[in-house]
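Working notes for the structure below.
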Amino acid sequence: MGTKKQQPRGLFITLEGGEGSGKSTHIRHLAEVLTQAGYPVLQTREPGGTATAEAIRHILLTASSHEPVTPQAEALLILAARCQHVTHLIRPALQRGALVLCDRFSDSTFAYQGFARGLDLHWLRAANEFATGGLTPDLTVVLDLPVSVGLSRRRANRGQQNRLDSETERFHRKVRRGFLALAAEEPGRMTIVNSNRPAQEVRDELTEIVVGWIARPRRSPRHRS
Ligand code: TMP
């Protein structure tokens, strides 16, 4: 056989959004629906997904205020976790032909570390490319809702709060604007769903978008990597 690099055959779908947008609940439901429909689904999350990446997640979300994590260290830790995740879980699953559903990915880094923390977006994009080997989601759905609504949902559920939840509302407004700006830049890949509605409505629209998108005829290779 020739030396042509084998293209991954799976599909890579990510769910993005600010705090309290309901991603984790909706992605679980989506995974169930798609599994029942016979797709070989791998559900995962960021930061995390492998043992090392989950250990980095723990550092990121629980770091003590005695030694604040700098924005630069935060970005590097997130990218290190992503590199492990892509190398050891996501890429092998795509190579096997799996449908990978990931709760957050690179767009979170651009929105949180870029738009909200103020790190240079060009640098972040280049470093992200280095960490992922250029792997980009095929489809990204952003669950959007007003920051005040998302934060009060999170506060009502105190067990879920993490270090980034306690950032100012202004910070979270920048995250939201970041996601909306990213979606405007790439309308072919990114779709926005209004999450400020009853969960059932959001779930139905999300399922319809993803199932409809999967069923669309497409030419190989199915995603950029
Ligand atoms: P989660 O609450 O959706 O599980 O995400 C954990 C936190 O990590 C959330 O506050 C957003 C943050 N995060 C970043 O700041 N940058 C990233 O690239 C990712 C993946 C997450």
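Atoms within each ligand, like the ligands themselves, are counted from 1 in listed order.
The environment of CD in Glu208 is sparse: at most 12 heavy-atom neighbours from other residues, nucleotides or ligands sit within 6.0 Å.
When heavy-atom distances to ligand 1 are checked against a 4.0 Å cut-off, Gln113 comes that close only through its side chain, counted from C-beta outward.
For Arg176, the salt bridge (Lys or Arg N to Asp or Glu O under 4.0 Å) criterion is met by Asp144, not counting sequence neighbours. Judged as a side chain to side chain contact (heavy atoms under 4.5 Å, CB included), and not counting sequence neighbours, Glu67 has no contacts.
Ligand-side atoms of ligand 1 in range of Arg82: 18 (O), 20 (C), range being under 4.0 angstrom from any heavy atom. For ligand 1, the atoms lying closer than 4.0 Å to a non-hydrogen atom of Ile78 are 14 (C), 15 (O), 16 (N), 17 (C), 18 (O). If you number the atoms of ligand 1 from 1 as listed, the ones under 4.0 Å from a heavy atom of Lys23 come out as 3 (O). Residue Thr109 approaches ligand 1 through these ligand atoms, each under 4.0 Å from one of its heavy atoms: 17 (C), 18 (O).
Under the 4.0 angstrom criterion for non-hydrogen atoms, Arg154 is in contact with ligand 1. Under the 4.0 angstrom criterion for non-hydrogen atoms, Leu60 is not in contact with ligand 1. Put simply, no part of Glu74 is less than 4.0 Å from ligand 1, judged by heavy atoms. At least one heavy atom of Glu19 lies less than 4.0 angstrom from ligand 1.
The shortest N or O to N or O distance between Tyr112 and ligand 1 is not below 3.5 Å. Between Asp103 and ligand 1, no pair of N/O atoms sits closer than 3.5 Å. Not a single N or O atom of Glu46, backbone or side chain, sits closer than 3.5 Å to an N or O atom of ligand 1.
Judged by distance alone, the side chain of Ser21 and the main-chain N or O of Gly18 form a donor-acceptor pair under 3.5 Å. Side chain of Thr87 to backbone of Cys83: a donor-acceptor contact under 3.5 angstrom is found.
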### Stepwise side-chain contact (heavy atoms from CB on, under 4.5 Å) test for Leu121 and Phe115
CA-CA 8 Å; Leu121 263 174; Phe115 284 86; 3.7 Å; yes
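Figure legend: cation-pi geometry between Arg125 and Phe110, with NZ or CZ positioned under 6.0 Å from the six-membered ring centre and within 45° of its axis. By the 6.0 Å and 45° rule, Arg82 stacks over the aromatic ring of Phe105.
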